[in-house]
Amino acid sequence: MTPEVWLWVAAVLLLVLLAWTAWTLTRLTRLERRVARAWIALDTQLQRRAGLAEELARDHPAAVGQDRAQYLVAFAADARRPMDGDRELAENALGRELRELPADLTGVPAALRTDLAGTTTRAALARRFYNDAVRDTRALRRSRVSRLLRLHAGRPLPRFFDIEIPLDGAAGDLNRTKDSTR
């Protein structure tokens, strides 16, 4: 092969590498935006769940029990603004308290129970979407070529948000209570 052919081969390889780099950077930017949007949706649902749990405890302490109402208010406040900075721990504590609510919430409006159950389900879905976006971003950022070219190396990797909100039966006892009133 002549030097001119090698020059063309090198130019084509460089062009392919530049095109791949531009495509990957664009994809990384889109994934980071997806992570940001998913976090906003997750945070919104978690804040709403904490607000509804607090409303349930403050407005209907007899239905949940006086002691449990105080715990529920405290856990909801901590979930909104964690004292120790560990949001996952605070959300897990609130989730456990919500799952341990008595099956018979007499005196609690059906609208509040339905809203809390729906918000819990939406929070579980939002957590799944957020963690999926984080997984995709981390996978692309950890690929060999991305690391070799140090694409987005200055930005920290997004963290997974692992809390105990099972999607199946996410509303726990709240669904049974809603069904028992029919």
Side-chain angles (χ1 to χ4, degrees), residues 30-139 141-142 155-182:
R30 286 183 187 154
L31 284 171
E32 287 175 357
R33 285 188 202 135
R34 183 175 149 206
V35 167
R37 285 190 311 266
W39 174 254
I40 289 170
L42 175 59
D43 184 53
T44 300
Q45 292 306 319
L46 292 175
Q47 292 289 339
R48 181 161 172 71
R49 179 179 79 151
L52 290 170
E54 190 173 0
E55 179 184 340
L56 174 67
R58 287 189 196 273
D59 295 349
H60 308 284
V64 297
Q66 290 294 338
D67 291 339
R68 178 153 290 152
Q70 291 174 354
Y71 284 124
L72 199 54
V73 167
F75 288 140
D78 193 38
R80 285 186 166 173
R81 289 183 198 86
M83 295 288 194
D84 60 358
D86 191 352
R87 177 97 184 259
E88 292 170 347
L89 183 64
E91 290 294 344
N92 282 332
L94 177 61
R96 272 190 303 279
E97 197 64 29
L98 286 171
R99 283 190 300 274
E100 292 174 5
L101 285 174
D104 183 25
L105 291 175
T106 56
V108 177
L112 178 60
R113 287 180 292 172
T114 303
D115 202 12
L116 186 56
T119 299
T120 302
T121 301
R122 286 188 298 276
L125 287 170
R127 179 185 62 91
R128 180 179 284 179
F129 293 146
Y130 173 78
N131 284 338
D132 286 348
V134 168
R135 182 200 60 225
D136 294 346
T137 302
R138 291 174 72 100
R141 296 245 333 250
R142 287 187 171 167
R155 295 184 181 161
L157 281 172
R159 285 190 46 214
F160 290 103
F161 192 75
D162 291 324
I163 57 174
E164 302 165 9
I165 303 181
L167 188 56
D168 54 331
D173 291 330
L174 297 172
N175 280 335
R176 281 197 312 249
T177 306
K178 180 175 66 173
D179 292 339
S180 67
T181 59
R182 290 183 185 166

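Just so it is clear, the structure is predicted and the values come from calculations on it, not from any experiment.
Residues satisfying the side chain to side chain donor-acceptor pair (under 3.5 Å) criterion with D59, sequence neighbours excluded, are absent altogether. Contacts of F161 classified as ring pair (Phe, Tyr, Trp, His ring centres under 6.0 Å), with partners at least two apart in sequence or in another chain: W39. Applying the salt bridge (Lys or Arg N to Asp or Glu O under 4.0 Å) criterion to R96, with sequence neighbours excluded, gives E164. Under the salt bridge (Lys or Arg N to Asp or Glu O under 4.0 Å) criterion, E32 pairs with R141, R155, not counting sequence neighbours. Taking R138 as the reference, V134, R142, L157, P158, F160 meet the side chain to side chain contact (heavy atoms under 4.5 Å, CB included) condition, with sequence neighbours excluded. N92 is linked by a side chain to side chain donor-acceptor pair (under 3.5 Å) to nothing, counting only residues two or more places apart in sequence or in another chain. Remark: D136 engages R34 in a side chain to side chain donor-acceptor pair (under 3.5 Å) (not counting sequence neighbours). For D162, there are no salt bridge (Lys or Arg N to Asp or Glu O under 4.0 Å) partners two or more places apart in sequence or in a different chain. With sequence neighbours left out, I40 forms a side chain to side chain contact (heavy atoms under 4.5 Å, CB included) with T44. Residues that satisfy the side chain to side chain contact (heavy atoms under 4.5 Å, CB included) test with A50, not counting sequence neighbours, are A76, A79, R80, L94.
Salt bridge present: R159 and E88 bring a charged side-chain N and a carboxylate O closer than 4.0 Å.
At distances below 3.5 Å, not a single donor-acceptor pair connects side-chain atoms of R122 with backbone N or O atoms of L42. At distances below 3.5 Å, at least one donor-acceptor pair connects side-chain atoms of D78 with backbone N or O atoms of M83.
We find the CG-OG1 distance between D132 and T137 to be 10.5 Å, quoted to the nearest 0.5 Å. Residue T119 holds its OG1 atom at 4.5 Å from CZ of R48, rounded to the nearest 0.5 Å. Summarising the geometry, atom CG belonging to L56 is positioned 6.5 Å from atom CG belonging to L105; distances are rounded to the nearest 0.5 Å. Note that the CZ atom of R49 and the OG1 atom of T121 stand 11.0 Å from one another [nearest 0.5 Å].
Shown here for L98 and A53, the closest heavy-atom pair between the two residues is CD2-CB, 3.9 Å.
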Worksheet item: Given the rule in the side-chain contact (heavy atoms from CB on, under 4.5 Å) test, do I163 and L89 qualify, once you have shown the distances and angles that lead to the verdict?
Response: CA-CA 8 Å; I163 57 174; L89 183 64; over 6 Å; no

For residues 61-75, dump all side-chain donor-acceptor pairs below 3.5 Å to protein atoms at least two apart in sequence or in another chain.
| unit_1 | atom_1 | unit_2 | atom_2 | d |
| --- | --- | --- | --- | --- |
| R68 | NE | E97 | OE2 | 2.9 |
| R68 | NH1 | E100 | O | 2.5 |

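Summarising the local packing, CZ of R30 is surrounded by 12 or fewer heavy atoms from other residues, nucleotides or ligands at distances under 6.0 Å.
Residue pairs meeting the salt bridge (charged side-chain N to carboxylate O under 4.0 Å, His left out) criterion with at least one partner in residues 36-46, sequence neighbours excluded, are D43-R87.
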